[in-house]
Q: 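One structure, pasted below without further comment.
If you read the sequence from its start, that first residue is 1, and numbering goes on from there.
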Amino acid sequence: MQFSNGFFIQFIRLAGPFWHSENKSTIRSLALALFMLTLLQIGIAVVITVWSADLFNALEQRSMTGLFMQIGLIVLIFAANIAVTTAHFKVKRRLQLDWRSWLTHRLIGLWMADGRHYLVTHIQGAHDNPDGRIAEDIRIATEAAIDLCHSLIYSLLLLISFTKILWALSGIVILNLGFVEIPIYGYLVWLAMIYAACASSLGWWLGRPFTQATDVRQTVEANFRFGLVTARENSLAIALVHGEANEQTRFVALFKDIVHAWQRQTQTWAHLFMLTSGYSVLSMAFPILVSAPRYIMGNITLGALMQSAQAFQQMAGALSWPVDNMAKVAEWRASVERVLGLVNGLGQLEQEIARHDPHRIHLKKTEKDVLRFCDLSITRLDGMMCVPTMDYEIRPGERVLVTGNAFTCSKLFKAIVGLWPWGEGVIELPSDPVFFMPPRPYLPTGTLRAAICYPSTKEKYTESALAEALELVGLGELQEQFDHVDNWDGALSREQQQRLGVVRLLLQQPKWILLQESLDSLDSLREMKMLKLIAQKLPDAAILTITNEPLAEGFHQRRIVL
């Protein structure tokens with residue numbers, strides 16, 4: 001377990017503001033309650049060792065009165081321990097959930113803001129599979145942090161409490177070297193420290209490769225999940241081209257990575273298990289064996305012997321916190337680093353956007369009712385020019401056909417909506433928002449009504465408005481499924497999805513429309529019919545269209561060739 005100062009600083013910056021958030025009074029109260037309950041747990045552990053000494057003394061003295069007294073006391077200790085442990089569990093779980101919720105909401109807010117989730121994919125860095133980082137790694141990062149922090153504080157308090165007890169029980173042992181006698185005070189304390197130090201050193205040495213192995217395994221697991229999700233989302237496209245064999249081959253290759261990572265982690269974990277399993281067995285016998293000579297010589301009672309053994313175990317266990325938590329710390333750090341990878345990628349993107357760079361496209365919102373390109377040029381990510389300098393002005397009601405290389409045309413549309421900053425020049429945007437209709441509209445899982453109205457709420461449009469729009473685009477039969485819940489991305493054909501995109505367009509009635517091959521699943525006549533419908537229902541809207549339909553040139557008034 002090697003930690004750099006930079007790692008802890010980054011983690012504190014990431015998760016630390018939670019303790020100063022708007023619910024800080026509740027959060028701090030829960031943390032204080034957790035600490036107080038931990039103190040009670042320590043107190044119960046100390047009481048149990050005292051009770052154990054009294055029990056064995058009563059057994060040694062064959063005292064029935066003492067035995068019944070200890071039975072009564074253990075009932076009280078039993079009840080107190082249940083109450084404290086249950087309360088501690090609930091408070092800790094509440095604190096873990098609150099921290100995870102806060103960090104999840106914060107990261108989702110950063111990721112889903114203004115197209116950042118798309119732009120960050122073009123930034124170099126370790127931020128792939130953001131869904132796994134947000135859903136799983138945040139959970140581990142917060143839950144394990146509280147678990148580890150609590151166990152560390154518990155171990156420190158345990159160490160303080162039982163060092164004092166073990167020191168008193170150890171007495172003085174005279175080490176006779178023949179020519180000199182050396183008194184050793186608290187010899188059990190020193191033995192416990194040496195015992196735990198040896199075990200921790202060995203555990204640290206054996207566990208060094210575990211952090212990297214855990215990180216690799218989490219990464220390949222996330223890649224496998226992402227591959228399965230991608231196949232599910234594109235199941236129709238795969239079925240149409242009979243690509244199942246290719247997908248199976250790809251899944252097998254991804255799973256082989258999991259197998260290799262699993263075997264690597266197993267090997268490193270086996271080394272740790274060899275240590276911990278042997279350590280746990282030795283911990284039960286060693287303290288009794290080292291204390292037994294004093295009992296045999298009559299220097300201590302049986303109760304003191306058992307109390308010494310329990311105190312030794314508690315102290316050695318507290319000192320062994322690093323080796324006991326080696327695997328959990330490795331898993332926690334790997335998850336934290338994956339979350340930090342996404343956060344750093346988003347932060348780098350934010351700096352790129354905020355930095356005034358002449359080699360970036362700048363969007364300028366104006367009060368004018370015009371879309372203007374001023375000295376605009378567009379480049380690829382590698383800096384290669386794909387659109388030379390252009391000056392162009394589009395006014396309301398104009399219909400403009402954008403032709404040329406389809407990928408270059410799509411970059412122009414993305415630049416207009418702020419999703420492609422690579423290039424130079426200025427895009428002056430009109431006061432009204434721009435409606436971008438991609439080749440495949442996003443239809444979230446849920447009711448059909450909600451999918452059509454997205455991103456607005458379903459309450460915004462009346463039933464009659466929805467029905468009328470469906471009839472206009474030739475999807476009147478879908479009215480019966482308004483409140484049916486389904487995965488519409490898979491349930492509807494591509495043509496139906498594109499027609500629903502037109503329904504969404506007619507409902508929102510934008511004044512500036514970008515159509516990027518939005519009707520390419522329709523034949524020539526139907527595509528022209530849809531374009532004319534849009535122009536008829538939205539006569540004052542400016543329409544920029546990317547299409548391969550030859551008849552579309554007659555529909556548009558001007559043409560931009562890229």
Q: Counting distance only, does the side-chain N/O of Ser518 pair as donor-acceptor with the main-chain N or O of Met437 below 3.5 Å?
A: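 A pair under 3.5 Å: yes.
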Q: Nearest heavy-atom pair of Ile452 and Leu466: which atoms, and what distance?
A: CG2-CD2, 4.0 Å
Q: How close do Pro510 and Ala541 get, heavy atom to heavy atom, and via which atoms?
A: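 Minimum heavy-atom contact is O-CB, 3.5 Å.
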Q: Run Phe224 and Asp257 through side chain to side chain contact (heavy atoms under 4.5 Å, CB included) and show every step you take.
A: CA-CA 9 Å; Phe224 184 60; Asp257 292 337; over 6 Å; no
Q: Would a 4.5 Å heavy-atom cut-off, applied to side chains only, mark Cys386 and Ile378 as touching?
A: yes
Q: Donor-acceptor pair, distance only, cut-off 3.5 Å: does the side chain of His150 make one with the backbone of Ile146?
A: no
Q: For Glu477, enumerate each residue passing the side-chain contact (heavy atoms from CB on, under 4.5 Å) test, keeping only those at least two apart in sequence or located in another chain.
A: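 Result, side-chain contact (heavy atoms from CB on, under 4.5 Å) vs Glu477: Leu475, Gln496.
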Q: Not counting sequence neighbours, which residues clear side chain to side chain donor-acceptor pair (under 3.5 Å) with Tyr454? List them please.
A: none
Q: Answer yes or no: is there a side-chain heavy-atom contact under 4.5 Å between Thr547 and Phe555?
A: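 Not touching, per the 4.5 Å side-chain cut-off.
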Q: How long is the span from the CD1 atom in Ile427 to the CG atom in Leu371, to the nearest 0.5 Å?
A: 7.5 Å
Q: Please name the pair of heavy atoms, one in Pro130 and one in Trp111, separated by the smallest distance, quoted to 0.1 Å.
A: CG-CZ2, 3.6 Å
Q: Assess whether side chain to side chain contact (heavy atoms under 4.5 Å, CB included) is satisfied between Leu254 and Leu228, documenting all intermediate values.
A: CA-CA 10 Å; Leu254 289 171; Leu228 294 174; over 6 Å; no
Q: May I ask you to decide if Leu148's main-chain N or O and Ser151's side chain share a donor-acceptor pair within less than 3.5 Å?
A: yes
Q: Would you say Asn405's side chain and Thr408's backbone share a donor-acceptor pair under 3.5 angstrom?
A: yes
Q: For Glu398, which residues count as a side chain to side chain donor-acceptor pair (under 3.5 Å) partner, sequence neighbours excluded?
A: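 Applying side chain to side chain donor-acceptor pair (under 3.5 Å) to Glu398 gives Arg558.
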Q: Considering non-hydrogen atoms only, spot the tightest contact between Glu247 and Ala231 and give its length.
A: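 It is OE1-CB, 4.1 Å.
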Q: Using modelled atom types only, decide if a donor and an acceptor are shared between the side chain of Ser21 and the backbone of Phe18 within a distance under 3.5 Å.
A: yes
Q: Flag yes if more than 12 heavy atoms outside Arg372 fall under 6.0 Å of its CZ atom; otherwise flag no.
A: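 For Arg372, atom CZ is crowded (more than 12 foreign heavy atoms under 6.0 Å).
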Q: Please say which of Gln498, Arg494, Arg440, Arg526 ends up in a side-chain hydrogen bond (donor to acceptor under 3.5 Å, both in side chains) with Ser521.
A: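 With Ser521 as partner, Gln498, Arg494, Arg440, Arg526 yield a single side-chain hydrogen bond (donor to acceptor under 3.5 Å, both in side chains), made by Gln498.
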Q: If you define the side chain from C-beta out and look only at heavy atoms, does anything of Leu14 sit under 4.5 Å from Leu103?
A: yes
Q: Does any donor atom in the side chain of Asn344 or Gln10 lie under 3.5 Å from an acceptor atom in the other side chain?
A: yes
Q: Filter on salt bridge (Lys or Arg N to Asp or Glu O under 4.0 Å), then keep only pairs touching residues 10-24, sequence neighbours left out; what's left?
A: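 For residues 10-24: none.
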Q: Step through the shown structure and confirm whether more than 12 heavy atoms of other residues, nucleotides or ligands are within 6.0 Å of CZ on Phe89.
A: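 12 or below, so no.
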Q: Check the pair Phe482, Leu470 against side chain to side chain contact (heavy atoms under 4.5 Å, CB included), reporting the backbone distance first and the verdict last.
A: CA-CA 11 Å; Phe482 270 155; Leu470 284 175; 3.4 Å; yes
Q: When you measure from the side chain of Trp420 to the backbone of Thr379, do you find a donor-acceptor pair of N or O atoms at a distance under 3.5 Å?
A: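 Yes, because the side chain of Trp420 sits within donor-acceptor range (under 3.5 Å) of the backbone of Thr379.
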Q: Check the pair Glu424, Ser377 against side-chain hydrogen bond (donor to acceptor under 3.5 Å, both in side chains), reporting the backbone distance first and the verdict last.
A: CA-CA 5 Å; Glu424 296 181 13; Ser377 61; 4.6 Å; no
Q: Does some side-chain heavy atom of Thr389 sit less than 4.5 Å from a side-chain heavy atom of Leu376?
A: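 Side-chain contact under 4.5 Å: no.
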Q: Sequence neighbours excluded, which residues qualify as side-chain contact (heavy atoms from CB on, under 4.5 Å) partners of Val485?
A: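 If we apply the side-chain contact (heavy atoms from CB on, under 4.5 Å) test to Val485, skipping adjacent residues, the hits are Thr447.
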Q: Would you say that Arg360 contacts Trp422 through its side chain, given a criterion of any heavy-atom pair below 4.5 Å between the two side chains?
A: yes
Q: Between Gln516 (side chain) and Phe436 (backbone), is there a donor-acceptor pair under 3.5 Å?
A: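 No, because the side chain of Gln516 does not come within donor-acceptor range (under 3.5 Å) of the backbone of Phe436.
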Q: Report yes if the side chains of Leu472 and Val502 come closer than 4.5 Å at any heavy-atom pair, otherwise no.
A: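 No; the side chains remain at least 4.5 Å from each other.
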Q: On a heavy-atom basis, which atom in Leu363 and which in Ala415 lie closest, and how many Å separate them?
A: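 Taking Leu363 first and Ala415 second, the nearest heavy atoms are CD2-O, 3.3 Å.
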Q: Name the residue from Val402, Leu401, Leu412 that meets the side chain to side chain contact (heavy atoms under 4.5 Å, CB included) definition with Ile546.
A: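 It is Val402, the one option of Val402, Leu401, Leu412 that forms the side chain to side chain contact (heavy atoms under 4.5 Å, CB included) with Ile546.
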Q: Going by heavy atoms in the side chains, are Cys453 and Lys460 under 4.5 Å from each other?
A: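 Sidechains of Lys460 and Cys453: no contact.
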Q: Taking the side chain from Trp488 and the backbone from Gly446, do they hold a donor-acceptor pair closer than 3.5 Å?
A: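 At least one qualifying donor-acceptor pair exists.
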Q: Is any side-chain N of the basic residue among Lys328 and Glu331 closer than 4.0 Å to the acidic one's carboxylate O?
A: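 Result for this pair is no, no salt bridge flagged.
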Q: Just wondering, do Leu500 and Leu448 contact through their side chains at under 4.5 Å, heavy atoms?
A: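 Sidechains of Leu500 and Leu448: in contact.
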Q: Taking Arg28 for the side chain and Trp19 for the main chain, is one N or O donor matched with an acceptor at less than 3.5 Å?
A: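 Flag set: sc Arg28 to bb Trp19 pair under 3.5 Å.
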Q: Evaluate Glu221 against Ile258 for side chain to side chain contact (heavy atoms under 4.5 Å, CB included), listing each step before the verdict.
A: CA-CA 6 Å; Glu221 291 277 7; Ile258 292 178; 3.6 Å; yes
Q: Restricting to pairs with a member in residues 496-511, which pass salt bridge (Lys or Arg N to Asp or Glu O under 4.0 Å), not counting sequence neighbours?
A: Asp432-Lys511, Glu495-Arg499
Q: Do any N or O atoms from the side chain of Arg217 and from the backbone of Ala261 form a donor-acceptor pair under 3.5 angstrom?
A: no
